[in-house]
Amino acid sequence: MSIDPIRLSADLAVDPDAAFATFVDRFGDWWPPEYSWSGGSLESIGIEPRVGGFCFERGPYGLRLDWGRVTAWDPPRRLAFSWQMEMDRTPQPNPARASEVEVRFEPVAGGSRVTLVHDAFERHAVRPDAYREALAAPDGWPRILDRYAARVRRTSEAPWEGLTT
């Protein structure tokens, strides 16, 4: 059974370097905590910047959960990672049972186009078609990427926000 991937893109008024940096370096600033395993107890969430690095979160009492692995790292053009979470947000330790997310950052007139493709849902063990539909719904990837785009806008308007000396 093959399930169609989710494909979304957004044009942003920043260059690909800035778009990539906000996606990775400020991941915790825009990722919705309620979309994590830790929920309201989320302390931090991020992506280790290298092939083989982990997509991770820290929850209550500093507990770390790895929910993906970086499979492609080509700043500022491309990032890909395994999506090792099931629909109920339980971790999937077997990468062969994980879907895949790829994010591309391309230069366009006036900034960059960010394209996200979430594919290979058929690898998930439980209701992969329903999982794909949930992430394609307005409260799934579209909401997540809207938060990301809003963070990119805030960063470009106030690039020093959040920095300390």
Side-chain angles (χ1 to χ4, degrees), residues 6 8 10 12 14 16-76 78-105 114 116-118 120-121 123-127 130-132 134-165:
I6 296 170
L8 299 168
L12 303 172
V14 297
D17 289 302
F20 188 96
T22 299
F23 195 95
V24 175
D25 299 338
R26 294 180 177 255
F27 195 83
D29 292 349
W30 59 267
W31 189 265
E34 62 273 19
Y35 289 18
S36 69
W37 177 75
S38 301
S41 300
L42 182 68
E43 292 178 6
S44 64
I45 189 166
I47 298 173
E48 294 176 341
R50 66 183 183 285
V51 170
F54 288 99
C55 303
F56 68 93
E57 65 181 78
R58 287 196 196 287
Y61 309 104
L63 179 65
R64 178 176 161 143
L65 172 76
D66 297 329
W67 52 265
R69 264 330 246 287
V70 176
T71 57
W73 183 261
D74 184 19
R78 181 174 174 254
L79 163 70
F81 52 91
S82 60
W83 183 266
Q84 293 180 232
M85 294 293 282
E86 294 295 341
M87 191 161 68
D88 64 358
R89 295 195 180 93
T90 57
Q92 171 49 261
N94 182 353
R97 304 291 308 159
S99 52
E100 301 168 354
V101 176
E102 178 182 37
V103 188
R104 291 189 175 269
F105 305 82
V114 178
L116 178 135
V117 177
H118 192 155
F121 283 96
R123 294 181 187 164
H124 288 282
V126 179
R127 301 180 57 214
Y131 197 7
R132 189 251 183 234
L135 283 171
D139 278 343
W141 275 117
R143 177 173 179 247
I144 294 166
L145 291 179
D146 283 347
R147 287 178 56 111
Y148 162 70
R151 183 60 183 146
V152 168
R153 283 190 298 277
R154 284 194 313 276
T155 301
S156 68
E157 293 164 4
W160 306 112
E161 178 183 327
L163 298 179
T164 59
T165 56

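Atom set for the values below is all heavy atoms of this structure, side chains included, hydrogens, waters and symmetry mates excluded. Because the structure is predicted, anything quoted here is derived from the model rather than measured.
Pairing each heavy atom of Arg58 with each of Gly62, the nearest pair is NH1-O, 4.0 Å. Scanning all heavy atoms of the two residues, the minimum distance from Ser99 to His118 falls at OG-NE2, 2.7 Å. Smallest separation of non-hydrogen atoms from Ile6 and Ala136: CD1-N, 3.5 Å. Considering all non-hydrogen atoms of both residues, Leu12 and Ala19 come closest at CD1-CB, 4.3 Å. Across all their heavy atoms, Leu8 and Pro142 have their closest contact at CD1-N, 3.8 Å.
When side chains are defined from C-beta on, His124 does not count as touching Val126, because their heavy atoms never get closer than 4.5 Å. Here the side chains of Ser38 and Pro33 are not in contact, with every heavy-atom distance at 4.5 Å or above. The shortest side-chain heavy-atom distance between Trp73 and Phe81 does not fall under the 4.5 Å cut-off. Side-chain contact between Leu42 and Glu57 is present, with heavy atoms from C-beta onward closer than 4.5 Å. Proximity of Thr71 to Val51: side-chain heavy atoms (C-beta onward) are nowhere separated by under 4.5 Å. Between Leu63 and Trp37, the closest side-chain pair of non-hydrogen atoms falls below 4.5 Å. Residues Phe20 and Asp25 are not in side-chain contact: their nearest non-hydrogen atoms beyond the backbone lie 4.5 Å or more apart. Between Pro32 and Arg143, some side-chain heavy-atom pair lies under the 4.5 Å cut-off.
Of the N and O atoms on the side chains of Tyr148 and Trp141, not one donor lies less than 3.5 Å from an acceptor on the other residue.
Expressed to the nearest 0.5 Å, how far CG of Leu65 lies from CZ of Arg89 amounts to 12.5 Å. With rounding to the nearest 0.5 angstrom, the CG atom of Leu135 is 9.0 Å from the OH atom of Tyr35. Here the straight-line distance linking atom CZ of Arg97 with atom CZ of Arg123 works out to 10.0 Å at 0.5 Å rounding. From Glu86, atom CD reaches atom OH of Tyr131 across 6.5 Å, with rounding to the nearest 0.5 Å. To the nearest 0.5 Å, the span separating CG on Leu79 from CG on Asp74 amounts to 10.0 Å. If you take CG on Asp66 and CE on Met85, they are separated by 11.0 Å, rounding to the nearest 0.5 Å.
The six-membered or imidazole ring of Trp31 lies away from that of Phe23, with a centre-to-centre distance of 6.0 Å or more.
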Side chain to side chain contact (heavy atoms under 4.5 Å, CB included) between Asp17 and Phe105: does it pass, once the steps are laid out? CA-CA 8 Å; Asp17 289 302; Phe105 305 82; over 6 Å; no

Stepwise, does the side chain to side chain contact (heavy atoms under 4.5 Å, CB included) test hold for Ser82 with Glu100? CA-CA 5 Å; Ser82 60; Glu100 301 168 354; 5.7 Å; no

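By the 6.0 Å and 45° rule, Arg69 stacks over the aromatic ring of Phe54.
Here the options are Arg151, Arg154, Arg147, the test is salt bridge (charged side-chain N to carboxylate O under 4.0 Å, His left out), and the partner is Asp29; only Arg151 passes.
The number of heavy atoms from other shown groups lying within 6.0 Å of CZ (Arg64) is above 12.
For the side-chain contact (heavy atoms from CB on, under 4.5 Å) test, residues two or more places apart in sequence or in another chain that qualify with Val117 are Pro5, Arg7, Thr115, Asp119.
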